[in-house]
Amino acid sequence: MTEGHAEPRRIVLGVGGGIAAYKACEVLRGLTEAGHQVRVVPTESALNFVGAATFEALSGLPVRHDVFDNVPEVPHVRLGQGADLVLVAPATADLLARVAHGRADDLLTATLLTARCPVLFAPAMHTEMWEHPAVVDNVGLLRSRGAVVLEPASGRLTGTDTGPGRLPDPAEILELTELLLVRPDALPYDLAGRRVVVSAGGTREPLDPVRWLGNRSSGRQGYALARVAAQRGAQVTLIAAHTADLGDPAGVEVVRVGTARQLRDAVLTAAAVADVVVMAAAVADFRPAQARSSKIKKTGDEPAPVALTTNPDVLAELAAQRPDGQLVVGFAAETGDSRSGVLEHARAKLARKGCDLLVVNAVGEGLAFEVADNGGWLLAADGSETVLPEGPKALLAAQLWDAVAQRLSRS
Ligand code: CTP
């Protein structure tokens with residue numbers, strides 16, 4: 001199940017003929033578990049990898065690939081016309097070429113010509129193919145016409161070789177599909193050429209070799225921010241402290257850290273060349289004054305007191321020393337008892353930290369931490385205040401990148 005829980009929609013899942021076709025089964029399962037009605041339309045070669053029976057059993061609907069199957073129902077027109085979204089996963093180099101050039105030689109390409117809904121391609125191929133100028137041009141052409149073509153993930157390919165070209169994690173494809181269902185224009189390719197740093201997760205401050213002081217941050221919001229920025233074309237470095245079990249976002253460089261001080265060093269290094277830095281991490285304000293090198297023993301009835309010392313404020317430091325034109329964005333988790341209480345604290349925090357934008361979440365039982373949805377307000381140093389409606393964390397991410405892209409285009 002994905003983060004979103006939008007109403008059930010009609011989705012066409014196109015499957016291209018590559019080894020990653022087997023992962024389409026997991027994507028299909030996720031979509032049907034979210035309640036969507038999914039018509040699978042494989043290419044003929046995809047059926048060499050996964051049989052039609054598998055797709056039929058998982059979708060509960062017939063699977064056809066030829067325009068001459070079931071002619072009286074004119075499926076090559078009906079499927080595209082009736083879809084709320086077409087997702088193609090995996091999209092092979094050949095399939096991208098056929099679609100870019102308007103071919104209609106099978107049911108999937110014909111469907112893509114009649115579809116007027118959002119179209120999302122998740123490419124998977126060898127690195128050499130992905131980087132070939134022909135594929136680069138076809139991807140550019142499809143993007144220029146409004147289709148979303150995901151950046152592939154890097155990692156192990158079919159053989160022992162590695163590099164960009166892997167299908168993004170099914171969970172990531174599902175998250176971005178739900179995002180486009182709620183907001184069809186959420187993934188424009190408007191951050192191309194921009195360098196972005198995002199911090200995520202909760203820092204852990206060691207007490208001794210087996211214990212630490214930590215917090216409840218899952219890292220989901222930061223990961224969603226990194227994922228959405230990368231799919232909008234940015235070069236993203238994600239500084240990840242402790243998180244829930246989240247897959248690496250496709251096309252993102254991930255740097256892992258433990259403590260607030262490690263996070264500070266990693267963020268400041270990456271920020272030196274960045275256009276935008278977003279501090280979504282829950283950074284511990286305090287750490288044990290002394291991290292013991294051996295396990296603290298229970299010596300008597302009274303627990304040993306823990307003395308704390310203050311950690312650096314990374315956001316304030318970033319804002320104070322940012323290069324010209326760099327945007328610095330903070331997050332504020334507030335537990336004010338009313339809207340004005342929350343916003344009053346947040347405005348003061350925006351001024352205190354000196355950042356350009358501050359995303360404000362109300363936190364407390366069942367809000368913001370460890371949950372899929374998020375909402376709040378976006379406060380800007382210029383005094384503007386925008387409501388961020390409650391929704392999937394990827395939607396909040398898209399709204400923040402909208403505000404960032406708008407500001408970057410002005411500078
Ligand atoms: N932050 C940071 N360094 C810290 C603490 C927080 O960079 N040592 C960043 C967070 O990543 C976030 C923002 O500051 O973007 C606000 O974090 P929050 O915990 O809400 O603010 P605090 O400064 O800790 O203020 P307080 O807890 O008193 O509300």
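First listed ligand is number 1; within each ligand, the first listed atom is number 1. Numbers for residues simply follow the sequence, beginning at 1.
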*With salt bridge (Lys or Arg N to Asp or Glu O under 4.0 Å) as the test, would you mind laying out the steps for Asp190 and Arg232 before giving the verdict?*
CA-CA 6 Å; Asp190 59 350; Arg232 286 171 73 146; 2.8 Å; yes
*Ala266 to Val255 - nearest heavy-atom pair and separation*: CB-CG1, 4.3 Å
_Testing Leu400, Leu379, Leu350 one by one against Leu357 for a side-chain contact (heavy atoms from CB on, under 4.5 Å), which residue passes?_
Leu400
*Can you run down the side chain to side chain donor-acceptor pair (under 3.5 Å) pairs that involve residues 84-96, sequence neighbours left out, and say none if there aren't any?*
Asp94-Arg98
_Looking at Arg195, is its backbone amide N or carbonyl O close enough to the side chain of Asp275 to form a donor-acceptor pair, meaning the two atoms are under 3.5 Å apart?_
yes
_Per-ligand residue contacts, ligand 1, heavy-atom threshold under 4.0 Å_ = Met279, Ala281, Val283, Ala284, Asp285, Pro312, Asp313, Val314, Leu315, Gly330, Phe331, Ala332, Ala333, Lys349, Arg352, Lys353
_Does Arg29 have more than 12 heavy atoms from other residues, nucleotides or ligands lying within 6.0 Å of its CZ?_
no
